[in-house]
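In what follows, chains are A, B, ... by sequence order, proteins preceding strands, each numbered from 1.
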Protein chains: 2
Amino acid sequence: MLFTTATGYALRALAGLPEDGSFCLAKDLAARLGIPGPYLAKILQGLVQADMLESVRGPKGGFRLTRPAHRITVGEVVVALEGADTLEGCIMGFPTCSGDHPCPLHEAWGAVKTQISSSMTEATIRDLQLMDLKHLKDAKGHAAVKP
Amino acid sequence: MLFTTATGYALRALAGLPEDGSFCLAKDLAARLGIPGPYLAKILQGLVQADMLESVRGPKGGFRLTRPAHRITVGEVVVALEGADTLEGCIMGFPTCSGDHPCPLHEAWGAVKTQISSSMTEATIRDLQLMDLKHLKDAKGHAAVKP
DNA sequence: TAATAAAAAGATAAATCAGTCCTAAATTAG
DNA sequence: CTAATTTAGGACTGATTTATCTTTTTATTA
């Protein structure tokens with residue numbers, strides 16, 4: 001994986017929340033996604049501060065999206081959890097590497113950064129929901145063939 | 001940087017060793033590269049076990065390449081220090097992501113992996129030497145203009 | 001109002017990475 | 001043979017990431 005596990009958990013959590021305005025408990029979400037509960041709770045707190053989730057405490061409380069899923073980009077989540085310059089710098093860490101004095105991977109890595117960055121700003125949480133829905137549907141279809 | 005600092009240090013160290021068959025002391029190399037000495041020594045030990053360096057103990061000892069620099073690829077060094085599957089898996093860590101059920105970044109990330117992998121197996125330590133030589137030459141040229 | 005349920009917040013482990021330090025082993029020079 | 005030099009190997013420290021636990025705060029419900 002290119003990102004940290006916390007970022008991966010955050011993306012899966014956002015994609016796993018309902019879009020009907022109902023609240024979802026951290027521990028239910030964690031159980032459904034197979035993610036450590038207390039750790040996910042911490043990550044959800046961060047997403048609340050980053051204004052992607054809102055939370056309500058007490059009975060009937062939980063978390064929900066502050067915006068429709070197609071208005072939250074993958075890039076926004078990555079920046080919130082890892083900072084804006086995740087992909088900056090020489091791929092091999094050479095201090096002398098620059099546009100004027102490129103390392104042998106400089107050009108390839110530059111193209112990668114451009115490609116990944118634009119993919120991240122284009123892809124939204126909605127796209128992640130659709131992927132998981134498709135996966136579930138296909139899995140069900142296969143099972144239905146069996147009996 | 002995409003790789004660990006240890007991998008970056010290893011690449012810089014290999015590129016900084018002479019190719020004339022002479023031995024170089026770990027601490028001299030560390031001083032020249034601006035890398036913490038004891039840490040570099042550890043990394044060099046690993047490169048000996050990976051058969052990219054050979055070492056001799058005692059006075060007049062040190063480290064040298066086991067092969068010409070153009071016979072050691074960047075990919076080989078990365079694999080030795082980080083394992084073969086550094087770039088494996090979904091970029092976002094989605095367990096459901098696969099060729100059949102791709103995440104929105106699957107295709108872009110796949111292209112990236114192919115591109116970076118082939119660049120890494122093509123680029124050699126010799127290319128890194130040339131880059132640094134060019135950098136030094138250019139810097140000297142600029143300084144020469146001054147007085 | 002009292003009991004309960006849930007997130008917020010902070011302290012505490014465990015694991016990995018980056019870096020240091022010390023002792024042992026090997027080689028050379030005198 | 002002895003002393004000096006240098007790598008080998010292991011134990012150790014500190015920072016960050018991952019994960020857990022406990023306490024506090026907020027909200028609901030009876």
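- A straight line from CG of L81(B) to C1' of dA18(C) spans 13 Å, rounded to a whole angstrom.
- When rounded to the nearest whole Å, the span between CZ of F63(B) and P of dT5(D) equals 18 Å.
- Of the listed nucleotides (dT29(D), dG19(C), dT28(C)), dG19(C) has the atom at the smallest distance from the side chain of P36(B).
- Rounded to an integer number of Å, the gap from OH of Y39(A) to C1' of dA9(C) is 17 Å.
- You won't find any donor-acceptor pair under 3.5 Å spanning the side chain of R57(B) and the base of dT6(D), going by distance alone.
- Taking only side-chain atoms of V56(B), from C-beta outward, the nucleotide of dT27(C), dG10(D), dT6(D) with the closest atom is dT27(C).
- Heavy atoms of L44(A) sit nowhere under 4.0 angstrom from any nucleic acid atom.
- Here A41(A) lies out of heavy-atom contact (under 4.0 Å) with every strand.
- Listed nucleotides dA18(C), dA11(D), dA9(C) differ in distance to K42(B); the shortest reach to its side chain belongs to dA11(D).
- The distance from atom CG of L25(B) to atom C1' of dT27(C) is 13 Å, rounded to the nearest whole Å.
- Closest contact between the side chain of A26(B) and the listed nucleotides dT7(D), dT18(D), dT6(D) involves dT7(D).
- Side chains of C24(B) and F63(B) form no contact here, defined as non-hydrogen atoms less than 4.5 Å apart.
- One interatomic measurement links the two molecules: CD of Q45(B) to P of dC21(C), which rounds to 16 Å at whole-angstrom precision.
- Put simply, S55(B) has a side-chain N or O that comes within less than 4.0 Å of OP1 or OP2 on dA8(D).
- Atom CG of L40(B) and atom C1' of dT20(C) are 14 Å apart (whole Å).
- Among the heavy atoms of the strands lying under 4.0 Å from Y9(A) are primed sugar atoms or P, OP1, OP2 only; no base atom is included.
- Within a 6.0 Å radius of NZ in K134(A), other residues, nucleotides and ligands contribute more than 12 heavy atoms.
- A salt bridge (charged side-chain N to carboxylate O under 4.0 Å, His left out) with E19(B) holds for exactly one of R67(B), R64(B), R126(B), R71(B); it is R126(B).
- Counting any heavy atom pair closer than 4.0 Å across all strands shown, Q49(B) reaches sugar-phosphate atoms only and no base atom.
- Distance CZ (R64(B)) to C1' (dT7(D)): 15 Å, rounded to an integer number of Å.
- The side chain of T4(A) contributes no N or O atom lying less than 4.0 Å from OP1 or OP2 of dT17(D).
- Of the possible donor and acceptor atoms, none in the side chain of S22(B) sits under 3.5 Å from a partner among the backbone N and O of P18(B).
- Nearest-nucleotide assignment on DNA chain D puts the 5′-proximal partner with G61(B), out of P59(A) and G61(B).
- Side-chain contact between M1(B) and E88(A) is absent, with no heavy-atom pair separated by less than 4.5 Å.
- P38(B) comes within contact range of at least one nucleobase, with a heavy-atom separation under 4.0 Å.
- The environment of E54(B) atom CD is dense: over 12 non-hydrogen atoms of other residues, nucleotides or ligands sit within 6.0 angstrom.
- Protein atom CZ of F23(B) is 12 Å distant from nucleotide atom C1' of dT6(D), rounded to whole Å.
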